[in-house]
Structures are given as C-alpha cells and as structure tokens.
Amino acid sequence: MTDRANHPGGHGRAPEADRPDRVRNVALVGHSGAGKTTLAEALLAATGTVQRAGRVEDGTTVSDHDDVEVRQQRSVNLALAPFEHGDIKVNLIDTPGYADFVGDLRAGLRAADAALFVVSAVDGVDGLTRMLWEECAAVSMPRAVVVTKVDQQRGDFDDTLLHLQDAFGEGVLPCYFPVTEGERLTGLVGLLTQRCFDYSSGRRAERDPDPAHLERIAEQRASLIEGIIQESEDESLMERYVSGEDIDVKALIADLETAVARGSFYPVLATSVPHGQQPGPVIGMAELLEVVTQAFPSPLEHSCPQVSPVNGGPPRPIKCDPEGPLVAEVVKTVSDPYVGRISMVRVFSGTLRPDTTVHVSGHGMTDRGHEDHDVDERIGALSSPLGKTQRTVAECRAGDVCAVAKLARAETGDTLSDPSNPLVMAPWTMPDPLLPVAIRARSKADEDKLGQALGRLVAEDPTLRLENNAETRQLVLWCMGEAHADVLIDRLASRYGVEVERVELRVPLRETFGGKADGLGRHVKQSGGHGQYGICHVTVEPLPSGEGFEFVDRIVGGVVPRQFIPSVEKGVRQQMERGVAAGYPLVDVRVTLHDGKAHSVDSSDMAFQAAGALALKDAASRVPVLLLEPVDEVSVLIADEYMGAVMSDLTSRRGRVLGTEAVPPGGRTLIRAEVPQLEIIRYAIDLRSMSQGTGTFHRAFLRYEPLPSHLADRVAEEEKAE
C-alpha cells in the first residue's frame with residue numbers, strides 16, 4: 001500500500017459538508033483500461049487535494065493503494081477519493097472496470113447518486129461498457145460520459161460520440177467538443193457558453209472561438225439545447241426557445257441538471273491527461289468539475305432505498321435528512337491485520353457520530369457464508385479516507401460517505417441504525433459467483449490460520465461464497481472469475497500470511513446399481529470371549545432416478561430377530577454413504593432383507609450392521625455399478641451475435657439445448673440448456689471469452705444421470721491411482 005510519503009501529493013484536511021445539498025456522490029464507471037484511476041488523480045490534482053497526480057505505472061495513485069493493485073496495475077477494489085470544488089464536496093468513488101469485480105461496482109453505485117462513465121476514445125464502446133450502462137439503468141442512476149485519451153494517436157472523439165449515441169440513444173449529447181492543431185489537442189469549445197477554453201500555453205485561457213468552428217457550434221448547440229429542454233420537460237423554456245428568444249446560460253444549466261437527474265439526458269465531455277511518456281497539458285478538468293458540481297444531483301434529489309423494521313413489518317421510505325432517524329449502510333469492508341476492520345459507510349438518513357452505539361443488522365446472505373445477525377456495537381472514530389490515509393472527521397451527515405473503525409461484526413451490505421429503532425435496508429442485487437476453485441493449505445501452520453483469514457475475506461466481499469464440501473472433502477471458493485480467484489489467493493498470502501495451493505475440483509458423483517442382484521453378508525467371528533454373529537441375505541434392485549433409498553423387510557419366522565432388522569438397515573445405509581465401487585454415495589436403490597441367521601448369544605447390533613454392509617457390497621460385485629453425474633439447468637444470456645457460437649459450445653459439452661427466447665428490448669437471447677456439472681466447471685471463464693465479456697449465465701442443480709462409460713472408466717482409474 002502507498003501512503004503519504006510515497007504519494008506525490010500531500011493530504012490536507014478532510015473536506016466536509018454541512019448540508020446534503022453541498023454533497024455530490026459520483027461513481028466512476030467504465031471498462032478496465034479506460035482511464036478511470038488516471039482521471040481521478042487528475043481531478044484530485046486540479047482541486048488541490050494532492051500536490052501532484054500519481055501514476056498507475058508507478059503505483060502512486062490514491063485509488064489503487066492496495067498491494068495487489070500496485071502489483072497488477074489495475075483497480076480491483078472500490079476506492080473513495082473526496083475533494084472540494086467551490087462550496088461542493090464531491091465523494092468520487094472509483095470502481096473496478098473488470099467484470100470479475102462487479103460486486104464492488106454495484107456497491108459503488110449504491111453509495112453514489114450519479115455515475116460518470118469513462119470511455120476511451122481509442123477503444124470506444126465495447127460490450128462490457130453496454131453491460132455497465134444497463135447496470136446503472138437498472139437502478140435509475142443519472143449518468144454523464146467523459147471521453148478520455150482524446151489526445152492519443154488513435155483517439156477519435158467524433159467517432160466515439162457516434163458510437164455512444166448508437167449504443168445509448170439520442171439523450172447522449174456533447175457539452176464540449178475538442179479543438180486540435182495538427183495532431184495536438186489544444187482545448188475545448190463549450191456549446192452552451194460558446195466560448196473556447198484554450199490550453200495550448202499549458203494553462204486554461206478563455207477566448208472567442210475560431211471562425212472555422214462557428215458553424216459546428218451553432219449546429220451542435222441547437223441540438224444540445226433542444227435535448228436539454230425536451231428531457232427536462234420545461235415547456236415554458238421550450239416556448240421561449242421556439243420563438244427565437246436567446247436563452248440565458250444559467251437557465252439552461254438549471255434545466256440540464258433537471259434532465260440529468262431524471263436519468264434521461266447524458267452530457268458528454270472530452271478530457272486529456274498525459275499518459276506514460278506523452279507530454280502535454282491536462283485538459284478538461286475544470287469543465288468536468290463544472291458538470292459534476294452543477295449538473296449532477298445532490299443526495300436530496302436521488303431517492304433512498306427502502307427500509308424495514310428488523311423484527312418484521314412493511315417496508316417504508318426514508319428521506320435524506322440529517323435530523324431524521326439514523327439509517328446508514330456499509331458499502332465496503334476492508335480487514336487490515338494491523339488496523340482492524342474499516343467500513344466505508346453511506347449515511348442515507350440522520351447523522352453518524354463517533355463513540356456512539358449503533359445497531360448492526362445483516363440478512364439474506366447465509367448461502368455465501370454471511371450469518372444473519374442483529375447486534376449493537378459501539379463505533380470508533382470517523383474518518384474521510386484518501387488512499388491509505390484516514391483523515392478524522394467530527395461527524396457524517398445524511399448524504400455523505402465516511403469510514404468507520406472498530407465495527408467488529410459489520411460486513412459489506414449491513415445496515416447501521418438507531419438501537420431504539422433497528423432497521424434493515426433492502427439489499428442491492430449481487431451476482432452469483434459461478435467459478436469454483438478448490439484450495440488447500442500448504443502446511444499445518446497455514447491450515448490453522450486459514451479459517452480466520454477466509455472469514456475476513458467473506459465479510460468484505462459479498463461476491464465470494466465459501467463452501468466446505470463434506471462429500472468431496474474439499475474447501476471451495478466460489479469466485480466471479482479467474483482474476484477474482486487470483487486476487488483472493490494473493491490476499492491470503494500478502495495480507496494474512498496464509499499460503500494455499502489450488503487443487504483439481506472434484507464433482508460429487510453418485511453410484512447406483514445397473515441391475516438386480518442378490519447379496520450375502522456374513523459377519524461371524526469366534527476368537528475367544530464374546531463372539532460376533534450376523535448373517536443376512538438381501539436383494540438389491542435399482543429405482544428410478546431421484547427415488548432415493550427404500551428398505552424392505554421380508555423376514556419370515558424370525559430368522560433375523562426383530563431388534564436386529566434396523567441394524568441391518570443401518571449397516572446398509574452406512575455402506576451406501578461410503579459407496580460400493582468408486583467411493584461415491586450409492587443412491588436410488590431398493591434393498592430387500594429376506595433371509596438370515598442369528599446366534600442366541602453372539603448376535604448383536606454391531607454384528608448385523610457389519611452384515612448389512614457386507615451384503616450390499618457382495619450384491620454390488622455381481623452386477624455393473626453405474627456412476628451418476630450431476631446435471632445442471634443452465635440459462636445463458638447472450639448478445640445475438642454470439643448465439644451460434646454459444647449453442648455450439650453447449651452441445652460440445654454434452655449439453656442439451658432446450659430452447660431460446662428473445663429478451664427485450666432486443667439484441668439479446670436467453671438460451672436454456674441442461675449441462676453436466678463436469679463440463680461447466682470453468683464455464684464462467686469460457687463464456688466470457690466467447691462473448692467478449694458480455695455473456696452471463698445461471699445454473700441450478702437439476703438431477704443425476706448416468707456418466708458415459710468412457711468417462712466412468714477414467715474416473716474409476718483415477719480413484720484406484722489415489
């Protein structure tokens with residue numbers, strides 16, 4: 001991690017806002033490599049928050065301060081970078097752009113009131129950017145777009161704008177367009193102000209636009225004004241504009257904010273930040289800050305999630321009121337082995353103060369290792385994080401974001417409320433982790449520390465699911481993808497000193513009888529002292545798939561005493577759990593006990609348990625034993641252009657495609673199929689590769705089916721080798 005000594009800028013006092021209308025919570029959203037972290041550094045430098053912008057290549061940025069991020073040179077965590085511009089406090093939330101870390105993206109959207117989409121003029125709009133846009137649209141998030149890397153050789157602002165409008169609709173309109181001299185970017189022209197902001201001297205200078213740009217200004221300005229008025233639904237302003245009246249810029253900016261807050265108008269800006277060895281001025285920060293502080297909505301203009309009483313009751317809305325009841329949410333938890341647990345908290349209502357007691361409630365994540373809990377905890381100091389540095393603040397009012405220390409039980413997604421009126425917020429939707437990775441500790445010392453370390457990782461990452469599979473005796477991390485798994489294993493080693501290694505994942509197979517067979521179980525021992533005597537004859541026959549186990553008593557004449565018949569069944573059940581061929585549980589059989597012998601002195605419960613187990617194994621030796629594999633019901637959501645490739649791939653995985661259906665608003669298809677689990681262990685990675693990162697899928701266990709003979713033989717050989 002970097003700190004103040006390593007970062008090229010100094011950290012001053014923490015910015016504070018005394019009213020919610022002076023706060024802007026903005027999430028930086030975009031695909032990996034678009035330049036979000038570099039843009040955040042430029043904004044921090046432009047506002048004087050740091051003396052000099054850090055560089056991703058040097059590992060000196062505020063946002064990417066985690067050891068993993070420094071080594072990999074990409075964002076994997078949600079990061080908060082607050083700054084002030086004028087009398088507005090901006091909580092800039094830098095989110096990861098890689099699909100594996102969509103959990104942090106959604107947490108960032110929960111904490112934000114608006115999203116700033118970062119799109120590279122070099123790479124344009126890809127499928128993942130479209131998915132991220134839909135993520136924001138699903139939660140009605142106001143959006144703006146900033147086009148980065150306009151100054152690079154292949155950067156084309158106009159072409160990128162056309163792609164943005166094609167992907168996201170007519171509501172995407174530029175507020176500025178870039179000005180170049182040759183191949184060098186020199187400034188921006190504001191369409192509302194009709195002024196040129198010239199950066200050619202290295203400083204921002206305002207002047208009249210060049211005559212060559214007047215026609216373009218007039219054309220694009222008219223489209224912009226019409227778009228603003230139409231999306232803000234300001235009829236009076238529309239009448240004035242249609243009548244030819246010259247509209248005041250302040251009135252247009254007010255309508256611009258209304259249109260953006262409605263989530264139907266998306267202003268576009270252009271920026272340039274020197275990258276690598278490329279020289280040149282930083283362009284567009286002042287213009288971007290104006291849009292962020294003047295066009296984006298405050299917390300008062302963005303609706304809060306609903307809350308419900310912890311002990312049950314109908315949900316009810318809350319308001320962003322510093323004097324209201326306390327309702328806050330943990331949007332990110334970080335467990336530091338030295339500092340302890342630090343929680344990033346968005347306060348939706350009330351005011352959070354240090355050294356007070358709050359109620360911590362978390363529900364609905366038990367399937368991922370998060371226990372439901374309702375506890376009272378005393379919070380520690382409040383701070384405003386900037387990178388690794390925690391700057392103390394006196395309080396955190398409604399609409400603001402802060403970091404809270406010493407919440408020992410709070411996990412990502414938990415609600416903080418008044419102990420006298422405990423509440424729980426409606427949770428945000430988290431994607432299912434679909435890549436299983438089996439791990440084991442490298443040493444006994446690592447094994448002793450592994451449980452506690454994994455518990456801390458689960459507490460801070462709701463997209464991680466921990467499974468201790470008793471059947472396969474494997475510890476499985478269910479991850480979002482390969483990069484997610486790599487980061488988790490890296491953190492275990494670097495943060496908690498726990499070394500683990502990956503092992504091949506075992507799929508829980510089953511065994512069943514391939515036909516009807518008789519079996520003899522004879523457990524007779526006479527070696528001095530009290531002997532053991534139990535003999536039983538059974539008939540075993542297969543049942544239809546999913547029928548389970550049936551035990552039938554057909555004993556006549558008391559050849560097996562009544563008190564020992566349950567013992568035979570118990571022994572059969574125990575042997576079924578151990579398996580009779582490859583060590584997998586036996587299922588879907590009927591066992592009929594029809595004969596046997598007992599001894600008046602030496603017969604016992606244990607003797608007939610052993611006899612029952614031996615009888616089942618004997619029957620299994622007389623008939624083929626089939627291996628059964630689990631089959632999942634799989635639903636794949638894919639863009640139409642990849643449908644053929646995905647369906648062909650599913651078929652190659654021994655899958656059966658059941659059907660397809662178009663998904664509104666169009667351009668995507670949902671494919672339903674049945675696929676063996678053995679074939680989709682790494683499907684999360686393969687689907688992402690086939691669909692350029694845009695495909696998603698869900699899976700659910702359906703049934704067991706016989707494993708093809710050639711695969712069954714291979715499994716049997718592997719079991720013998722072990």
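Position 1 is the first residue of the sequence, and the numbers go up from there.
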_Under the criterion side-chain contact (heavy atoms from CB on, under 4.5 Å), I'd like the reasoning laid out for T415 against V360: C-alpha separation, chi angles, the key distance, then a yes or no._
CA-CA 6 Å; T415 304; V360 181; over 6 Å; no

- Message: Under a 3.5 Å threshold, yes or no: a donor from one side chain and an acceptor from the other, between T148 and T271?
- Response: no

Only one of V393, V404, V327 passes side-chain contact (heavy atoms from CB on, under 4.5 Å) with L352, and that residue is V404

The single option from N77, T37, V76 that satisfies side-chain contact (heavy atoms from CB on, under 4.5 Å) with D64 is T37

Between L109 and A27, the two heavy atoms sitting closest are CD2-CB, 4.2 Å

- Task: Could you tell me whether the side chain of V476 reaches within less than 4.5 Å of the side chain of L466, counting heavy atoms only?
- Result: no

Value for SG (C479) from CD1 (I489), rounded to nearest 0.5 Å, stands at 7.5 Å

Value for CD1 (I680) from CG (L435), rounded to nearest 0.5 Å, stands at 11.5 Å

CE (M285) and OG (S272) are apart, to the nearest 0.5 Å, by 8.0 Å

**Message:** Under the criterion side-chain contact (heavy atoms from CB on, under 4.5 Å), I'd like the reasoning laid out for V401 against V345: C-alpha separation, chi angles, the key distance, then a yes or no.
**Reply:** CA-CA 6 Å; V401 182; V345 173; over 6 Å; no

Scanning both residues in full, the closest heavy-atom pair of F296 with V292 reads CB-O, 3.2 Å

ask   = Just wondering, do V507 and I681 contact through their side chains at under 4.5 Å, heavy atoms?
value = yes

Is the shortest distance from a Lys or Arg side-chain nitrogen in K89 or D400 to a carboxylate oxygen in the other one below 4.0 Å? yes

| request: Might you work through the salt bridge (Lys or Arg N to Asp or Glu O under 4.0 Å) test for E501 and R440, ending with a clear yes or no? | output: CA-CA 6 Å; E501 57 187 7; R440 67 183 174 198; 2.9 Å; yes

Distance-only polar pair, side chains of N469 and Q474, donor-acceptor under 3.5 Å: no

May I ask you to decide whether E482 forms a salt bridge with R682, counting only side-chain N to carboxylate O separations under 4.0 Å?
yes

| said: Distance to the ring centre below 6.0 angstrom and angle to the axis at most 45 degrees; does that hold for R699 and F701? | reply: no

Q. Given side chains that start at C-beta, do those of P15 and R391 come closer than 4.5 Å, heavy atoms only?
A. yes

Exercise. Quick one: does H65's side chain have a donor or acceptor within less than 3.5 Å of a partner on T61's backbone?
Worked result: no

For A81 and V62, the nearest pair of non-hydrogen atoms, with its separation, is CB-CG1, 4.5 Å

Any heavy-atom pair between the side chains of M480 and V102 that's under 4.5 Å? yes

Residues G497 and K449: closest non-hydrogen pair is O-NZ, 3.0 Å

**Asked** Does a side-chain N-to-carboxylate-O contact under 4.0 Å join R71 and D490?
**Response** yes

- Item | Full working for side-chain contact (heavy atoms from CB on, under 4.5 Å) between L488 and L454 | CA-CA 9 Å; L488 292 171; L454 286 174; over 6 Å; no

In this structure, CG of D126 is separated from CD of Q692 (nearest 0.5 Å) by 9.0 Å

Output for pair (I439 CD1, R502 CZ), nearest 0.5 Å, gives 9.5 Å

* Asked: Do D104 side-chain atoms and L78 backbone N/O form a donor-acceptor pair below 3.5 Å?
  -> yes

Check: Do Q165 side-chain atoms and V172 backbone N/O form a donor-acceptor pair below 3.5 Å?
Finding: yes

>> Ring centres under 6.0 Å, that's the criterion: do Y683 and F697 meet it?
In response: yes

Correct closest heavy-atom pair for L382 and C396 would be CD1-N, 3.9 Å

### Message
Taking E329's backbone N and O only, do any of them form a donor-acceptor pair with D414's side chain (distance below 3.5 Å, no angle check)?
### Response
no

ask   = Hey, does V330 have a side-chain heavy atom less than 4.5 Å from the side chain of M344?
value = no

TODO: Step by step, work out the side-chain contact (heavy atoms from CB on, under 4.5 Å) result for V26 and I93.
DONE: CA-CA 6 Å; V26 180; I93 303 167; over 6 Å; no

- Query: Can you find a heavy atom in the side chain of L416 that is under 4.5 Å from one in the side chain of L407?
  - Reply: yes

Under the 3.5 angstrom rule, does the side chain of S384 hit a backbone N or O of A14 as a donor-acceptor pair? no

ask   = Any cation-pi pair here, R456 with Y496, using under 6.0 Å and within 45°?
value = no

Side-chain heavy atoms of L687 within contact of V636, under 4.5 Å:
yes

Return yes if a side-chain donor-acceptor contact under 3.5 Å exists between Q390 and S383, otherwise no.
yes

query = With distance as the sole criterion, is a donor-acceptor pair present between the side chains of H484 and D461 under 3.5 Å?
reply = yes

Main chain of V90, side chain of R24: is a donor-acceptor contact present, judged purely on distance under 3.5 Å?
no

Within the distance-only criterion (no hydrogens, no angle test), does the side chain of R143 pair as donor or acceptor with the backbone N or O of M141 below 3.5 angstrom?
yes

- Would you say the side chain of P82 lies within less than 4.5 Å of the side chain of L92, judging by non-hydrogen atoms? no

Check: Is any side-chain N of the basic residue among R495 and E460 closer than 4.0 Å to the acidic one's carboxylate O?
Finding: yes

* Between the side chain of T47 and the main-chain N/O of L44, is any donor-acceptor distance below 3.5 Å? -> yes

- Task: Look only at the side chain of R653 and the backbone of E679, and say whether a donor-acceptor pair between them is shorter than 3.5 Å.
- Result: yes

For A34 and K149 the tightest heavy-atom approach is O-CE, 3.9 Å

So CG of D94 and CD of E41: to nearest 0.5 Å the spacing works out to 9.0 Å

task: Could you tell me whether R74 and E69 make a salt bridge, using a distance below 4.0 angstrom between a side-chain N and a carboxylate O?
output: no

| said: For the backbone of A107 and the side chain of K332, can you confirm whether one donor and one acceptor N or O come within less than 3.5 Å of each other? | reply: no

